[in-house]
Peer 1: 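Okay, here's the structure, questions in a sec.
Remember, it's 1-based here, ligands and their atoms both numbered in the order they're listed.
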Amino acid sequence: MAPTLSNEILLKAANEFSTPLYVYDEERIHFQYSKLSHAFRKSDVKIFYACKALSNINVLRILQQLGSGIDCVSLNEVQFALKAGFQSNKIIFTPNSVSIDDYKEAVDLKVNINIDNLDILQQFGNIYGNSYPVVVRINPHIMAGGNIKISTGHVDSKFGVSINQVSQILDIKKQTGVVIKGLHLHTGSEIKDLEVFINGLQLMLELSKQFDDLSVIDLGGGFKVPYKPDEKGSNVEELGAKLAEMLDAFKASTNKTFQIWFEPGKFLVSEAGYFLTKANVIKENPTRNFVGVDSGFNHLIRPMFYDAYHIITNISNPKGPVKTYNVVGNICETDTFAWDRELHEVNPGDILLFNNAGAYGFEMSSRFNSRARPAEVLVNKGQLKLIRRRETLEDLLQGQIL
Ligand code: LLP
């Protein structure tokens, strides 16, 4: 059974550290990592946590100690990873739309480099020749993911080198001597359909025949986690079995084998995270009941940005009569966490819990309306530890030149 935090401990956290508050369950991160490692035990698979989902160094350290690698999209994320103790060979740098200067710095830091466009591949090859093997991101023209905003492998996406331009990759390789040690794809987030990964692998295996130095196929991240009560996550066990079967068959026919890399973000941390807010205002209007909480899309943007659904529970009154509310924030916009949501009756001061807040929650928070960002707490076997203090007015003013 997947571990979850009890309402009791969450209320204790809210009491002790106030709200709005992000709370992460260390045990659940362990559980998710083990589940994934177990699913891929039959093949040579390496997991690189996509730390854009949640980059608190305390969380990175947990994954580092579990043996995970890490996928970073900016040089600052790489610096966080190094600070958390990841060795450079366990770090992937997967940026897009950055200049050659960022890649040069990544070379100095000796991390794995994933190149996303032909122009940079050419510049990189001109500078480094065959001295620094790289991975190239392919856009496989596969439509996948929960919605278009988190879909990254379709023909119109900005990411990767189009699969129709592989001959140009090969030309650059020939001309500059750049060694391509891996091919990468990432088609989106919240991919329920395993066929997407299977088709992606099949495509990469076909492509691999054109690359003589290849040792890695990186299939990106994007496993689905259940957000709604009736939803199911990606069946990673089934995917692991299928992957092993495909790699064995490929080896039997070509005598070639690859290390497979995955870069999961949500799968490892989403369900480990809880967001706690306090009801400030109850407004019973002629057409709607509103609960106004002490947070807004400045702290959890997913509902407004992606129309994402997060389960919300009134953990202060779990047995009260059920009523229907719009749960809204305190930002001066129509910031709404949920429309027409059934909750146990909410009174001012009640704590509302948002599930599945570990991934892209705090990480996408901002200081809009000049409100401070929340604190973060890590729970390990019942012990609460503050891992980021709540911001203050001084934090908000810091950096401004008066
Ligand atoms: N690898 C690459 C190259 C990525 O771009 C991403 C996510 C991942 C791995 C990890 O994907 P995950 O396993 O977390 O689905 N903010 C959105 C999700 C955007 C994901 C961006 N890239 C959300 O809150 O739904």
Peer 1: Is there a heavy atom in Lys52 that sits closer than 4.0 Å to ligand 1?
Peer 2: yes
Peer 1: What protein heavy atom sits nearest atom 15 (O) of ligand 1, and how far away is it?
Peer 2: Ser189 OG, 2.4 Å
Peer 1: Judged by non-hydrogen atoms, does Asp71 sit under 4.0 Å from ligand 1?
Peer 2: yes
Peer 1: Answer yes or no for Gly222: is there a heavy-atom contact with ligand 1 below 4.0 Å?
Peer 2: yes
Peer 1: Asp395 and side chain to side chain donor-acceptor pair (under 3.5 Å): which single residue from Arg390, Arg367, Arg389 fits?
Peer 2: Arg389
Peer 1: Kindly confirm or rule out an N or O of Gly265 lying under 3.5 angstrom from an N or O of ligand 1.
Peer 2: yes
Peer 1: Is the shortest distance from a heavy atom of Tyr306 to ligand 1 less than 4.0 Å?
Peer 2: yes
Peer 1: Name the closest protein heavy atom to atom 24 (O) of ligand 1, giving the residue it belongs to and the distance to 0.1 Å.
Peer 2: Arg302 NE, 2.6 Å
Peer 1: By number and element, which atoms of ligand 1 are closer than 4.0 Å to a non-hydrogen atom of Ile150?
Peer 2: 17 (C), 18 (C), 19 (C), 25 (O)
Peer 1: Going by an N to O cut-off under 4.0 Å, is there a salt bridge joining Asp212 and Lys173?
Peer 2: yes
Peer 1: Please check this pair: side chain of Glu27 against backbone of Pro3, looking for a donor-acceptor N/O pair closer than 3.5 Å.
Peer 2: no
Peer 1: For ligand 1, which atoms sit closer than 4.0 Å to a heavy atom of Ala50?
Peer 2: 8 (C), 9 (C), 10 (C)
Peer 1: Taking ring pair (Phe, Tyr, Trp, His ring centres under 6.0 Å) as the test, write out the residues that go with Tyr132, two or more places apart.
Peer 2: none
Peer 1: Mind checking whether Phe297 and Ser366 have side chains closer than 4.5 Å, heavy atoms only?
Peer 2: no
Peer 1: Considering residues at least two apart in sequence or located in another chain, which fulfil the side-chain hydrogen bond (donor to acceptor under 3.5 Å, both in side chains) criterion with Arg61?
Peer 2: none
Peer 1: Go through ligand 1 atom by atom and flag the ones less than 4.0 Å from a non-hydrogen atom of Glu263.
Peer 2: 1 (N), 2 (C), 3 (C), 8 (C), 9 (C), 10 (C)
Peer 1: Identify the residue among Asp119, Leu118, Ile115 that makes a side chain to side chain contact (heavy atoms under 4.5 Å, CB included) with Ile172.
Peer 2: Leu118
Peer 1: Where is the nearest protein heavy atom to atom 20 (C) of ligand 1: which residue, which atom, and how far?
Peer 2: Tyr360 OH, 3.6 Å
Peer 1: Mark the output for Pro264 as yes if a heavy-atom distance to ligand 1 is under 4.0 Å, and as no if none is.
Peer 2: yes
Peer 1: Asp171 versus Lys174: any side-chain heavy-atom pair under 4.5 Å?
Peer 2: no
Peer 1: For the rings on Phe223 and Phe262, is their centre-to-centre separation under 6.0 Å?
Peer 2: yes
Peer 1: Ring of Tyr22, cation from Arg373 - is the NZ or CZ under 6.0 Å from the centre and inside 45° of the axis?
Peer 2: no
Peer 1: State the atoms of ligand 1, each with its element, that fall below the 4.0 Å cut-off from a heavy-atom position in Arg137.
Peer 2: 3 (C)
Peer 1: Would you check the N or O atoms of Thr94, main chain and side chain alike, for any that come under 3.5 Å of an N or O of ligand 1?
Peer 2: no
Peer 1: Which of the numbered atoms in ligand 1 are below 4.0 angstrom from a heavy atom of Lys266?
Peer 2: 12 (P), 13 (O), 14 (O), 23 (C), 25 (O)
